[in-house]
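Okay, structure first, notes after.
Ligands are counted one by one from 1 in listed order, and the atoms in each one are counted from 1 as well.
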Amino acid sequence: MTHSPLLSLDDALTRIKTAVQPIVGREQIVLNMALGRTLAEDIQSPIDVPAYTNSAMDGYTVVGSDLPAESKITLKVIGTSSAGHPFDGEVQPGQTVRIMTGAMLPRGADTVVMQEQVERDGDNARIGPGHKPGQHVRYAGEDLSIGQPVLKTGRKLVPADLGSLASLGFGETSVKRRLRVAFFSTGDELRSIGQPLAEGEIYDSNRYTLHAMLTRLGVDLIDMGIVPDQRGAIEQAFLDAATIADTVITSGGASVGEADYVSETLAKLGQVDFWKIAIKPGKPLAFGTINDTLFFGLPGNPVSAMVTFYLLVQPALLLQMGQDDITPLRLQVPCTTNLKKRPGRTEFQRGTLLRSKDGTLSVASSGAQGSHVLSSMSRANCFIVLPAESAGIRAGEQVEVQPFAGLI
Ligand code: AMP
Ligand code: MG
């Protein structure tokens, strides 16, 4: 165990990323089960999408060179092509075929004129000037062409990806197996919901925030409850967790209080670094391994636990799940409230990003910033990221925000 001086967030992230290996297991699953899973194969298109050149409009399909430059021309309507029912002939100059959106372009035709711009009179269709050859046509392979890379290993599958896979005819896909994450809370003061609270006791809330944040990542959860501040109990919990999980996350006991046995036990069972990271909230973090199992010991304060999870644990889990490293979105916006800060650590204050009627964005503090104040975290929709050297913000100054929508 090392007690190092304050470590920068970037250095901590680099160390974590160096230590993390993506899991290797994969499974074949049907598309309808694949949302949010990590793709474990590179997908190339086996076909052209669209498979055939077709119309982007309801209208009339013509030979482009027939289109008049000035006066109107009259074409003979020789049939209809609708989606799923192509016209089985060839369009000659002077002819046209009624065509619907998505219907195959008949041989000879290369252009579509919208039906609103065509005067139909029996078998005749009259078309005026102002059209371009090739207009309103979707070409075969325009979306995806045969052999083209479509999706890469490591992609977190979103609805449009599943639609793309379906458009290629794939009913199943290969994804990484789910990551197994065990978590528990430590602290003699903690009680589970439903138990009476004696003096000096509090309800365990971290297990609920952790459960929720992990659920969003799509991992398999193993909730191991509350473990008291006792060496034997903590050691047993770690050993149990390490045999069943890829990653173990605890909260509490990460400070250097007397009854905090987390880092001590970890040092005994595995390889552990105990870091003080130059961020606020969330300074202490234990990080290490027990055999092949990754371990994160988060601080007990509810907001510190969430901030360290989002900033340090989530990127590690995504890497372990085999997912691409996605840098969170950050924006520069004016801050409408004063923000207190002392120089020294990078602060992740809780903010509310607002869009005014004229479309401009601004941010305000979402309330008291104590690391125990979860209500201001509930109200927040972004972090206001204040650099280490900042000595506070006056209303009207620009700040950098990291929207929560970009956290996952
Ligand atoms: P610790 O990291 O154990 O020193 O805890 C720091 C603070 O967080 C203390 O006020 C604890 O009571 C509180 N705390 C620790 N674990 C939890 C938890 N699971 N839920 C709510 N508060 C907690
Ligand atoms: Mg404690």
Thr186 side chain near Pro228 side chain, heavy-atom distance below 4.5 Å: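 The answer is no, as the side chains (C-beta and beyond) never meet within the 4.5 Å cut-off.
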Ligand 1 versus [X], non-hydrogen atoms closer than 4.0 Å: side chain, backbone, both, neither?
| X | value |
| --- | --- |
| Arg207 | neither |
| Ser205 | both |
| Ile202 | side chain |

Side chain to side chain donor-acceptor pair (under 3.5 Å) partners of Thr247, counting only residues at least two apart: Gln320
Results of side chain to side chain donor-acceptor pair (under 3.5 Å) for Ser82 - residues two or more places apart only: none
Determine the interplanar angle of the Phe183 and His211 rings, folded into 0 to 90°, and report it as parallel if under 30°, tilted if 30 to 60°, perpendicular if over 60°.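 Rings of Phe183 and His211: perpendicular, over 60°.
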State whether the shortest distance between N or O atoms of Gly253 and N or O atoms of ligand 1 falls below 3.5 angstrom. yes
Answer yes or no: does an N/O atom from Leu190 fall short of 3.5 Å to an N/O atom of ligand 1? no
Quick check on contacts: which atoms of ligand 1 are under 4.0 angstrom from a heavy atom of [X]?
| X | answer |
| --- | --- |
| Ser185 | 19 (N) |
| Glu189 | 11 (C), 12 (O), 15 (C) |
| Asp204 | 18 (C), 19 (N), 20 (N) |

Between Thr111 and Gln135, does the side-chain hydrogen bond (donor to acceptor under 3.5 Å, both in side chains) criterion hold? Intermediate values first, please. CA-CA 5 Å; Thr111 301; Gln135 72 182 17; over 6 Å; no
Asn291 side chain to Thr293 side chain, donor-acceptor N/O pair below 3.5 angstrom: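 Judged by distance alone, the side chains do not pair up.
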